[in-house]
Amino acid sequence: MRIHSDVGLSFDDVLLVPKRNSFGSRKNVSLKSRLTKNISLSIPIVSANMDTVTGSRLAIVMAQNGGMGIIHRFNTIEEEAAEVRIVKRQSSYIIKEPYTIDTGRSVGDARAMSQAYGVSGFPVVDGKRLVGIVTNRDLWFQRDETPINGVMTKIKDMVVIEKRSGMEDNFVDMFRKHKVEKIPIVDRRSNLIGMVTAKDIMNLGDDRSTKSKEGTLMVGGAVGVKDAVKRADALVKAGADLLVIDIAHGHSDAVIDTIRKLKRRFDVDVVAGNVATAAGAEELISSGADAIKVGIGPGSVCTTRLVTGSGVPQLTAIRWACEAAEREGVPVIADGGIRTSGDIAKALAAGASTVMLGRVFAGTEEAPGSTIMRDGKKYKFYRGMSSISANSRKLEVDRSDFDMSDIVGEGNESFVPYTGHAKDILIQLCGGLRSALSYSGAIDIEEFRNKAELIRISPDGHRESYSKLGS
Ligand code: XMP
């Protein structure tokens, strides 16, 4: 038995020591950082692969604003791939394969599709040929059995683009002029080949958005170890830009084997984790991982440390893993326990390149699940992926024959306050982080990591930091 002489530290044990700033406004600070060996982000933030955090809705907002979302794996392979596909379809000006409805279908069918896909209207097609468009308004007051071609706007009365080069420049003008919500794109034979929506143009991220070479929003997908290759295959076919091996104790033969298999078969970066030591990081890197996820038990809904007595306080875990990762030039993702932009700054100062957040996004509009009202306040549900309820969901999905009474939960579940749109949360976090870098006199994250100095603080120092809260 060995007892470490190091003291394990976490975010609240330290503060960043202010340093001379020579560049003025925090507006000049760049938050660009590396997520993996081959993927860079405009902001160093990713949303957690948890079923109450990242589905396609949050992943879209994350990528539009320069971060990235990792779709969770607590669903069937087809369901996870479908979420990836939604992000990839959303991504650029042109939706390449819009959902369509066949001319022979009914108003009831259109209503059901609208509900299932969460879209407000469909091009109507005869085979591939565009014959009309139907939007939710066309369905108002109509009976379910009414044929769709009786209520649609016919092609002769529609605004349609015939594909030609350079047309992207005209979209804003076209929407302004015609005041329509969707414009289908057809080829010379009137076959539907795409669609642009006014909403997508309005929501288009600026240059900061995280886009692939093809111009689509980037998204990651989580895999386990059991069905890793099968799941990864479906995710990559759906367009996933990144695979994340999502295992609570990642320093294991099974994860090492999975990294090797995925790197052999797929041409996308692979993130592996979670680990909390230099040895863990080192072995996953030498097996081929393109980034390492760090965090054993720091998360807000984690009970791993209580149930197993295992873990490393997160700041020390990041530092240990980074010592190995920096030697190999592999980025580290600090996963769990981050509540504020100050915590993000401390994680980056310790050497992480990006952070993964669960709870911070769980209360947002774009996180899966509906809001509930309690005493006049809105809440959303958040749960650990090793909680008993998440495990029983996994049982449902896998239909495997393990016995529920054998499951030992390592996670909690709770309601978290509804916090509005994720984009607004990101604005706050990034503003705070820019400020943090400027307090250390750093113009970008690389300089910050070199310059940052952390000081351990006493319980009184800690009280001093927090004493203003609520006053
Ligand atoms: P935050 O603090 O952002 O943490 O809510 C999110 C991270 O927590 C991890 N996670 C768990 N850890 N039991 C655990 O020990 C669980 O049930 C659990 N669920 C999530 C995970 O790393 C996530 O990104």
Side-chain angles (χ1 to χ4, degrees), residues 10-12 35 44-55 58-59 62 67-74 220-224 242 244-251 255 271-276 280 284 291-315 317-318 321 332-344 346-347 352 354-364 367-369 380-395 407-417 419 422 425-426 429:
S10 198
F11 302 121
D12 277 349
L35 174 63
I45 303 175
V46 296
S47 62
N49 40 278
M50 298 172 74
D51 70 349
T52 47
V53 180
T54 312
L58 184 61
M62 292 303 297
M68 201 191 289
I70 314 297
I71 308 286
H72 69 91
R73 66 180 175 92
F74 271 58
V223 301
L242 177 67
V244 176
I245 303 172
D246 161 36
I247 297 295
H249 180 30
H251 190 185
V255 168
V271 174
N274 279 18
V275 297
L284 301 193
I292 298 297
K293 201 145 72 74
V294 172
I296 305 285
S300 58
V301 275
C302 301
T303 55
T304 295
R305 293 184 187 168
L306 304 180
V307 175
T308 71
S310 305
V312 175
Q314 184 67 343
L315 198 83
I318 297 168
V332 159
I333 305 165
D335 174 20
I338 287 176
R339 304 144 299 176
T340 60
S341 46
D343 290 346
I344 300 179
K346 292 172 189 176
T354 57
V355 294
M356 176 173 264
L357 310 181
R359 190 189 188 95
V360 167
F361 292 123
T364 61
K380 287 189 93 161
F381 181 59
Y382 181 44
R383 69 176 173 192
M385 299 318 304
S386 303
S387 60
I388 299 283
S389 84
N391 271 307
S392 73
R393 162 77 183 136
K394 192 74 185 139
L395 180 69
I407 293 173
V408 179
E410 286 184 29
N412 276 332
E413 45 192 75
S414 69
F415 284 96
V416 294
T419 45
I425 304 276
L426 285 170
L429 292 176

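Order of appearance sets the numbers: ligands from 1, and atoms from 1 within every ligand. The figures here come from the full heavy-atom set of this structure, side chains too, leaving out hydrogens, waters and symmetry mates. We number each residue from 1, following the sequence as shown. Keep in mind the model is a prediction, meaning the values are calculated, not measured.
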query = Going through the checks in order, is the side chain to side chain contact (heavy atoms under 4.5 Å, CB included) test met by T52 and H72?
reply = CA-CA 9 Å; T52 47; H72 69 91; over 6 Å; no
Backbone N/O of G250 and side chain of N274: donor-acceptor pair under 3.5 Å = no
key: Under 4.0 Å from ligand 1, counting heavy atoms only: the protein residues, by chain and number   = A48, M50, N274, G299, S300, C302, T304, D335, G336, G337, M356, L357, G358, R359, Y382, G384, M385, S386, S387, E410, G411
inquiry  = Treating T303 as the side-chain partner and L306 as the backbone partner, does any N or O pair qualify as donor plus acceptor under 3.5 Å?
reply    = no
Backbone of G337 reached by a side-chain donor or acceptor of R359 within 3.5 Å = no
request  = Could you tell me the separation between the SG atom of C302 and the CG atom of D335, rounded to the nearest 0.5 Å?
outcome  = 8.0 Å
inquiry  = To the nearest 0.5 Å, what is the distance between CG on N412 and OG on S387?
reply    = 8.0 Å
